Peer 1: 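My questions will all concern the structure given below.
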Amino acid sequence: MRLSRYFLPILKETPSEASIASHRLMLRAGMIRQSSAGIYSWLPMGFKVLRQLENIVHEEQIRAGHNPMLMPTVQSADLWRESGRYEDYGEEMLRITDRHGHDMLYGPTNEELITDIFRNSVQSYKQLPLTLYHIQWKFRDERRPRFGVMRGREFFMKDGYNFDIDKPAAMHAYNRHMVSYLRTYERMGLKAIPMRADSGPIGGDDTHEFLVLADTGESEVFYDSAILDLNLGDRAVDYDDWDQCAAINTEWTTPYARTDETHDAAKFAEVPEERRCSSRGIEVGQIFYFGTKYSDSMNAKVVNGDGDLVPVHMGSHGIGVSRLVGAIIEASHDDKGIIWPEAVTPFKVGIVNLRQGDEAADGACEALYKELTALGLEPLYDDREERAGAKFATMDLIGLPWRLTIGPRGLKNGVVELTSRKTGVSEELVPAEAVARLVEIYAGV
RNA sequence: CGGGGCGUGGCGCAGUCUGGUAGCGCACCUGUUUUGGGUACAGGGGGUCGUGAGUUCGAAUCUCGCCGCCCCGACCA
């Protein structure tokens, strides 16, 4: 993409409404614009990141054997009356009346809808296990939206639901989600720690939240630093292997890690003192097992092997995709701007032409732009008639992990400069070497 | 929802107390200049001052209502 043709309305000054880093930087980098309180438009670069996160979530869900689908944003109140949550959910639910006077709502979650779909189409244990999910916009009418996309009213979220014949099978679904979520966050370049949590309004027994450590997190968290060393890496996972999934679940849930809601000071004291950590965390996902709560109230039953009609065991699982954009920035930025992890960056490399209009510089930039594009390395070429300083400041702000700097001075010696946004370290390379380095860097992403 | 604050060109703000018909910086346009970390100079375009009513010869400014947004708290993915 050529910056001269890209809609990237960057702001030199900080808009007064933004108080935390991710919100400030998303506005300044031209990723989002506020539409009303807690509701945002996603401009091209923000949208690109959002889509990439969505893709990673899809890939990992499908890898775990789950079924993608899409449910509507607007739901009928009738289903919610059936589960009893129409009254329970309270003011956070945006209620709408259609022209016929029917009570509708903008969905904050989809347990009722999915259970209705399930019960109408599944009658036998032979159709289980089943996990359905979708990635869709949700709405919760927060009393006080804040922190940009981290706590908006409208948000983009993956939510999934598993249906199993009994508790052991449902617990395997739980473990499977634990593993697939760990993988998902790892791929995004994030360290997300599963922590024992409260079940909140969704209800249920077993639940873990996934938290990204960041100073601006909304929750206080306590953990054994040993958990930071755990890594899924590229180990082979068989999602149908109950024992393996259970073992990984145990591996990650054994070290102490809890939010302030479930914190147990006595248990925490058993952790060796030098490994006892507390900080702030941003919740980016949660998994639940809630048994037959919805299948009982909504009559979602199947026939088991003995011919008995039994309620299915369910769980639900969520990843806050739009919130993740903010969380990643909170976890990865400096005073100049964003620092994107390679896996989620909107463009893989920025090309800075230091002397627009100079024949040698223009030619070298064009050639590299075309070559990188052909290799799928998605460059963003700053071809504006701007001074070097302005181009550097823009690149630093939008946070592309690598920058190719090209100007007459270097070209005289046949070199261009490749700079890491994260470390600031530059190396001078001939263009072909620079391309080879980028290919190598992105090969593993 | 309790407490506090703010709405003035795209953005950041001054002007409001003490009414006289709108200003600064950035951004934008034109020209010259400059060119490896947000160049400099000159010229230029753009605002019914959130909204409605009232007071007044005259309202960004005073009064009342309404709307919107932000911050702290309680709450929440």
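Bear in mind the structure is a predicted one, so any value in this text is a computation, not a measurement. Sequence lines set the chain letters: A, B, ... in the order given, protein chains first and strands last, and positions in each chain run from 1.
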Peer 1: Nearest whole Å is fine: how far is B:rU34 P from A:Asp358 CG?
Peer 2: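 In whole Å, B:rU34 P lies 15 Å from A:Asp358 CG.
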
Peer 1: Find the distance A:Arg144:CZ to B:rC69:P and express it as a whole number of Å.
Peer 2: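 My rounded result for the distance is 13 Å.
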
Peer 1: Using Watson-Crick or G-U wobble geometry with both distances under 3.5 Å, which nucleotide pairs with B:rC11?
Peer 2: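 Partner of B:rC11: B:rG25.
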
Peer 1: Is the distance from the ring center of A:Phe155 to that of A:Trp137 below 6.0 Å?
Peer 2: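 A:Phe155 vs A:Trp137: aromatic centres not under 6.0 Å.
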
Peer 1: In Watson-Crick or G-U wobble terms, both distances under 3.5 Å, what is the partner of B:rU16?
Peer 2: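 Per the H-bond distance test, none.
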
Peer 1: B:rC72 base to A:Arg146 side chain: any donor-acceptor pair below 3.5 Å?
Peer 2: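 Checked by distance alone, the answer is no.
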
Peer 1: Which of these, A:Ile398, A:Thr345, A:Val349, sits in a side chain to side chain contact (heavy atoms under 4.5 Å, CB included) with A:Leu380?
Peer 2: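 With A:Leu380 as partner, A:Ile398, A:Thr345, A:Val349 yield a single side chain to side chain contact (heavy atoms under 4.5 Å, CB included), made by A:Ile398.
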
Peer 1: Heavy atoms only, 4.0 Å cut-off, all strands: where does A:Gly285 land among base, sugar-phosphate and nothing?
Peer 2: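 Touches nothing.
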
Peer 1: When the nearest nucleotide of RNA chain B is assigned to A:His23 and to A:Arg28 on a heavy-atom basis, which residue is associated with the more 5' position?
Peer 2: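 The answer here is A:Arg28.
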
Peer 1: Could you tell me how far B:rG46 sits from B:rC11 if I compare only their C1' atoms? Round to whole Å.
Peer 2: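 After rounding to an integer number of Å, I get 14 Å for this pair.
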
Peer 1: Under 30°, 30 to 60°, or over 60°: which ring-plane class applies to A:Phe290 and A:Tyr294, parallel, tilted or perpendicular?
Peer 2: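 Because their plane-to-plane angle is over 60°, the rings of A:Phe290 and A:Tyr294 count as perpendicular.
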
Peer 1: Which residue, A:Arg151 or A:Thr419, contacts RNA chain B at a nucleotide closer to its 5' end, judged by nearest heavy atom?
Peer 2: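 Closest to the 5' end, via its nearest nucleotide, is A:Thr419.
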
Peer 1: Taking atom P of B:rC69 as reference, at what distance in whole Å does atom CG of A:Leu27 sit?
Peer 2: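 Going from A:Leu27 (CG) to B:rC69 (P), I get 15 Å.
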
Peer 1: Please give the distance between the C1' atoms of B:rG9 and B:rC29 as a whole number of Å.
Peer 2: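 One C1' to the other, the span is 15 Å.
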
Peer 1: Write down the distance separating the P atoms in B:rG5 and B:rG65, rounded off to the nearest Å.
Peer 2: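 Going atom to atom, P in each nucleotide, I get 16 Å.
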
Peer 1: When the P atoms of B:rU32 and B:rU21 are compared, how many Å lie between them, rounded to an integer?
Peer 2: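 The answer is 39 Å between these two P atoms.
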
Peer 1: Under 4.0 Å, counting only non-hydrogen atoms across every strand here, what does A:Ala388 touch: a base, just sugar-phosphate, or nothing?
Peer 2: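 Here A:Ala388 touches the backbone only, sparing every base.
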
Peer 1: Between A:Phe347 and A:Tyr6, does the ring centroid distance fall short of 6.0 Å?
Peer 2: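 Between A:Tyr6 and A:Phe347, which both carry aromatic rings, the centre distance is below 6.0 Å.
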
Peer 1: Does any N or O donor sit under 3.5 Å from an N or O acceptor when you compare the side chain of A:Arg403 with the base of B:rG37?
Peer 2: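 Looking at the base of B:rG37, it does pair with a donor or acceptor on the side chain of A:Arg403 (distance under 3.5 Å).
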
Peer 1: Can you name the one residue among A:His134, A:Gln136, A:His317 that meets side chain to side chain donor-acceptor pair (under 3.5 Å) with A:Asp159?
Peer 2: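 The side chain to side chain donor-acceptor pair (under 3.5 Å) with A:Asp159 is passed solely by A:His134 among A:His134, A:Gln136, A:His317.
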
Peer 1: Does A:Glu142 reach a base, just sugar-phosphate, or nothing at all? Heavy atoms under 4.0 Å.
Peer 2: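 Result for A:Glu142 = base.
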
Peer 1: Within the structure shown, what part of the strands sits under 4.0 Å from A:Thr14 by heavy-atom distance: base, sugar-phosphate, or nothing?
Peer 2: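 A:Thr14: backbone/sugar contact only, no base atoms under 4.0 Å.
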
Peer 1: Taking 4.0 Å as the cut-off, does a side-chain nitrogen or oxygen of A:Ser16 come that near to OP1 or OP2 on B:rG12?
Peer 2: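 For A:Ser16, the contact criterion (side-chain N or O under 4.0 Å from OP1 or OP2 of B:rG12) is met.
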
Peer 1: Under a 3.5 Å cut-off for both contacts, is B:rC49 paired Watson-Crick or G-U wobble with anything, and if yes, with which nucleotide?
Peer 2: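 The answer is none; no pair meets the criterion.
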
Peer 1: Can a cation-pi geometry be assigned to A:Arg81 and A:Tyr86, taking NZ or CZ under 6.0 Å from the six-membered ring centre and within 45° of the ring axis?
Peer 2: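 Geometry flag: set, cation within 6.0 Å and 45°.
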
Peer 1: Between atom CD in A:Glu17 and atom C1' in B:rG7, what is the gap in whole Å?
Peer 2: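 So the two atoms are 12 Å apart, to the nearest Å.
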
Peer 1: In whole angstrom, give me the gap between the C1' atoms of B:rG45 and B:rG37.
Peer 2: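 Nearest-Å result for B:rG45 against B:rG37 at atom C1': 31 Å.
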
Peer 1: Checking all strands, does A:Asp396 fall into the base, sugar-phosphate, or nothing category for heavy-atom contacts under 4.0 angstrom?
Peer 2: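 Base: the residue A:Asp396, judged by heavy atoms under 4.0 Å, touches a nucleobase.
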
Peer 1: Check the angle between the aromatic planes of A:Tyr181 and A:Phe210 and answer parallel, tilted or perpendicular using the 30° and 60° thresholds.
Peer 2: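 Ring orientation, 0 to 90° scale: tilted.
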
Peer 1: Assign A:Gly407 to base, sugar-phosphate, or nothing according to its heavy-atom contacts below 4.0 angstrom with the strands shown.
Peer 2: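 A:Gly407: base contact, heavy atoms under 4.0 Å.
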
Peer 1: For nucleotides B:rG3 and B:rU8, find the distance between their P atoms and express it as a whole number of Å.
Peer 2: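 Pairwise P distance, B:rG3 against B:rU8, rounds to 25 Å.
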
Peer 1: Tell me what A:Leu11 touches on the nucleic acid: a base, only sugar-phosphate, or nothing, going by heavy atoms under 4.0 Å.
Peer 2: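 The residue A:Leu11 makes no contact with any strand.
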
Peer 1: Could you tell me how far B:rG43 sits from B:rC24 if I compare only their P atoms? Round to whole Å.
Peer 2: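 Comparing P positions in B:rC24 and B:rG43 gives a spacing of 12 Å.
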
Peer 1: Is it true that A:Glu218 and A:Arg151 have a side-chain N and a carboxylate O under 4.0 angstrom from each other?
Peer 2: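 Salt bridge between A:Glu218 and A:Arg151, a charged N being under 4.0 Å from a carboxylate O: no.
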
Peer 1: State the pairing partner of B:rU35; accept Watson-Crick or G-U wobble contacts with both distances under 3.5 Å, and report none otherwise.
Peer 2: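 Check on B:rU35: unpaired, no WC or wobble geometry under 3.5 Å.
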
Peer 1: Once you apply a heavy-atom cut-off of 4.0 Å, does A:Gly152 come out as touching a base, just sugar-phosphate, or nothing?
Peer 2: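 If one applies the 4.0 Å heavy-atom cut-off, A:Gly152 turns out to touch a base.
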
Peer 1: Is the charged tip of A:Arg5 near the ring of A:Tyr381: under 6.0 Å from the six-membered ring centre and within 45° of its axis?
Peer 2: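 No; the conditions do not both hold, so A:Arg5 does not lie above the ring face of A:Tyr381.
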
Peer 1: Check the distance between B:rG37's C1' and A:Asp382's CG and give it to me in whole angstrom.
Peer 2: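 Nearest whole value for this atom pair: 13 Å.
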
Peer 1: In whole angstrom, what separates A:Arg143's CZ from B:rC1's C1'?
Peer 2: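 The distance from CZ of A:Arg143 to C1' of B:rC1 comes to 6 Å, rounded to the nearest Å.
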
Peer 1: Rounded to whole angstroms, how far apart are CD on A:Glu428 and C1' on B:rG36?
Peer 2: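 In whole Å, B:rG36 C1' lies 11 Å from A:Glu428 CD.
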
Peer 1: Using Watson-Crick or G-U wobble geometry with both distances below 3.5 Å, tell me the partner of B:rU55, or none.
Peer 2: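 Its partner is none (no Watson-Crick or G-U wobble pair with both distances under 3.5 Å).
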
Peer 1: Determine the interatomic distance between C1' on B:rG68 and the same-named atom on B:rC57; round to the nearest Å.
Peer 2: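 Taking atom C1' in both B:rG68 and B:rC57, they lie 34 Å apart.
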
Peer 1: Hey, does A:Gln34 reach any base, or is it just sugar-phosphate, or nothing, if we go heavy atoms under 4.0 Å?
Peer 2: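 Contact class for A:Gln34: sugar-phosphate only.
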
Peer 1: Looking only at the side chain of A:Phe392 (C-beta and beyond, no hydrogens), which of the listed nucleotides B:rC69, B:rC71, B:rG37 gets closest?
Peer 2: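 For A:Phe392, the side-chain atoms sit closest to B:rG37.
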
Peer 1: Taking the six-membered ring for Trp, are A:Tyr174 and A:Tyr289 closer than 6.0 Å centroid to centroid?
Peer 2: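 No.
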
Peer 1: Can you tell me the Watson-Crick or wobble partner of B:rG73, both distances under 3.5 angstrom?
Peer 2: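 Pair assignment: B:rG73 / B:rC1.
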
Peer 1: Between the protein and nucleotides 23-27 of chain B, list the N/O to N/O atom pairs that are separated by less than 3.5 angstrom.
Peer 2:
residue : atom : partner : partner atom : Å
B:rG25  : N2   : A:Glu13 : OE1          : 2.6
B:rA27  : OP1  : A:Lys12 : NZ           : 3.2

Peer 1: Would you mind reading off the distance between A:Arg384 atom CZ and B:rC28 atom C1', rounded to a whole angstrom?
Peer 2: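 Those two atoms, CZ and C1', are 14 Å apart.
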
